[in-house]
Amino acid sequence: MVWVHACIGLHMWLRVLPAWRRAQPVMVSLATLIPAFALAGFLVQGRIQYARLFSPDEGPGLVARYNMPSLPEFQTLIELTTQGIAIFTALLGLTLAIFLGRKYLGTRKSLRIRYVDGPEIQGRRGMTLLEMSRVTGVPHMALCGGRGRCTTCRVVIEDGADNVPQPSPQETASLRAVNAPPNARLACQLRPTEPITVLRVFRTDGRRARAHESLGKERRLAILFLDMRGFTARTTGQLPYDVVFLLNRFFDAIVPSITGAGGTIDKYLGDGLLAVFELGDERASALAALDAAAGIGSALHIFNQTLIAEKARPVAIGMGLHLGDLVLGEIGAADNAPRTIIGDTVNATSRLEAKTKELGVEALISRALLEAAGKDITSLDLVELQLRGVAHPISALAVEKAATLPALLSGDAGTTQGADNRPASASGA
């Protein structure tokens, strides 16, 4: 062992020298042959000494020369050896008993952690979930080493979310940055105090885990459908580059109004989009949707002024805003399942958006959304709509220009709406 360690040290020290690299085949041969010859010599000499010791001629002289123990002394040595082995065995058994006892006591004070796609382990209080995974050999992705920076260790708490400590502001900010659901936590920051069931979002190969059925959850939220009017006719004969350039400019102009209000883009639909406002409660979600619609109206007005200055036709849009029950989850084939929303509310909102073209307005906002936002609808002129594919009629507020929505809801729609509409109407003629 010493020889091998010395050879490794010498090689690591001298490997950068050209002379050492040239001499390496010879040195490797010597490093292998020297211990082999030494061992062979040891075996040969051992056999020779064994034969001499038991030789009738040389044996007695060697026994006296080497001061070999007598038979009673050998017996005493054997007894001492037996006693030593018994003491060692007893100490080993005591150590094992203490270890098992501590493990048993630790198990009684431990927590049950169950992984949806993995084993069930016993974790100790005070440890982070990531530490529990590593100690028990459960694979757990953590690219930043457990510093709370990469969010790849995040988990979705399937059971026991009400019994875990609240996340720190830093953890909350990290989870919000990746649009994580409310029951998601970072395993490197979470220190469980009660039994929980978790799903690891990322596999150890870096891919997202196959969504568990409980990842699909039902919430009552506001959503917004938006579509650009006359897009096909507008882009007929244009080069693909020009079409894509226009769409990107359009989305660059309006999307900040959605994200700034707390919404997220669920999907882009060619010349339109679907946005969801996944906030804490119905009221916050509805208010965010109204803010986004008003912001889109103002942003569109500015965008159209730019197009007019460029001698281009202005853009007209239609928006449908509705609030209702949605199913949120990762839907699709394994490794290609984006998080999206489905449900009757999505269909109804799409029909509202399509109805804006027939009514000649920029937005239709459902009564359910207005009531959830706490708006007084008694003074508003709602229209009753029978939408295709929707079982029951929907009452909605028709808004000619979305930019005037705040004034309309506050009861000051008179001159404000007209003033705001003049440049927009001129640009949309």
Side-chain angles (χ1 to χ4, degrees), residues 1-9 12 35-36 38-39 42-43 46 49-50 66-148 152-165 171 185-205 209 212:
M1 288 171 57
V2 173
W3 178 262
V4 171
H5 189 269
C7 290
I8 292 174
M12 298 302 291
L39 181 60
F42 178 81
L43 292 174
Q49 293 301 321
Y50 182 85
Y66 295 157
N67 195 23
M68 295 286 288
S70 62
L71 188 60
E73 291 172 337
F74 264 118
Q75 186 65 35
T76 302
L77 290 174
I78 292 173
E79 293 175 358
L80 291 174
T81 301
T82 304
Q83 294 173 4
I85 292 175
I87 293 172
F88 174 78
T89 303
L91 292 175
L92 185 62
L94 178 62
T95 303
L96 182 61
I98 293 173
F99 171 77
L100 293 177
R102 292 184 63 184
K103 189 172 182 179
Y104 172 74
L105 293 175
T107 301
R108 293 185 60 184
K109 299 179 180 180
S110 63
L111 302 172
R112 179 187 61 81
I113 307 296
R114 190 176 75 84
Y115 297 89
V116 170
D117 54 349
E120 182 175 311
I121 65 170
Q122 297 292 332
R124 304 190 65 177
R125 286 182 173 85
M127 299 175 67
T128 66
L129 180 60
L130 181 61
E131 291 170 342
M132 295 178 185
S133 298
R134 289 176 170 175
V135 168
T136 53
V138 176
H140 207 135
M141 174 69 73
L143 293 180
C144 69
R147 297 180 178 86
T152 55
C153 70
R154 67 181 183 269
V155 297
V156 175
I157 303 179
E158 300 286 333
D159 185 29
D162 296 335
N163 299 324
V164 298
E171 182 182 357
R185 294 294 300 272
L186 298 183
C188 66
Q189 304 298 312
L190 174 61
R191 298 181 186 274
T193 56
E194 299 293 337
I196 57 175
T197 300
V198 299
L199 171 72
R200 290 164 290 177
V201 174
F202 287 94
R203 304 197 309 241
T204 52
D205 59 4
H212 187 248

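Positions are given from 1 along the sequence. Computed from a predicted structure; not experimentally measured.
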If the test is side-chain contact (heavy atoms from CB on, under 4.5 Å), which one of I113, I121, L129 qualifies with V138?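 Answer after filtering I113, I121, L129: I121.
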For R114, the option from V198, I196, D159, T197 that meets side-chain contact (heavy atoms from CB on, under 4.5 Å):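 Among the candidates, only T197 passes.
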Determine whether [X] and [Y] make a side-chain contact, defined as any pair of heavy atoms from C-beta on separated by less than 4.5 Å.
X	Y	answer
R200	S133	no
L80	Q83	yes
I8	M12	yes

Looking only at non-hydrogen atoms, find the nearest pair between [X] and [Y] and report the distance.
X	Y	result
E131	R191	OE1-NH1, 4.2 Å
P165	L190	CD-CD1, 4.2 Å
P192	M132	CD-CE, 3.9 Å
L130	A142	CD2-CB, 3.8 Å
C188	T128	O-CG2, 3.5 Å
R185	V164	NH1-CG2, 3.6 Å

Working to the nearest 0.5 angstrom, can you tell me the gap between [X] [atom1] and [Y] [atom2]?
X	Y	atom1	atom2	value
T152	M141	OG1	CE	6.0 Å
I87	L92	CD1	CG	13.5 Å
T82	L77	OG1	CG	10.5 Å
H140	C153	NE2	SG	5.5 Å

Side-chain donor/acceptor of E194 to backbone N/O of G160, under 3.5 Å: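 No, E194 side chain to G160 backbone: no donor-acceptor pair under 3.5 Å.
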Distance-only, no hydrogens or angles: does the T136 side chain make a donor-acceptor pair with backbone N or O of Q122 under 3.5 Å?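 Checked: no pair found.
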More than 12 heavy atoms from other groups under 6.0 Å of CZ on R124: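 No, not enclosed.
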Is it the case that more than 12 heavy atoms not belonging to Y66 sit under 6.0 Å from its OH atom?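 Counting other residues, nucleotides and ligands, OH of Y66 exceeds 12 neighbours.
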For side chain to side chain contact (heavy atoms under 4.5 Å, CB included), just list the numbers for V4 and M1, CA-CA rounded to whole Å, side-chain angles, deciding distance to a tenth of an Å, and then say yes or no. CA-CA 5 Å; V4 171; M1 288 171 57; over 6 Å; no
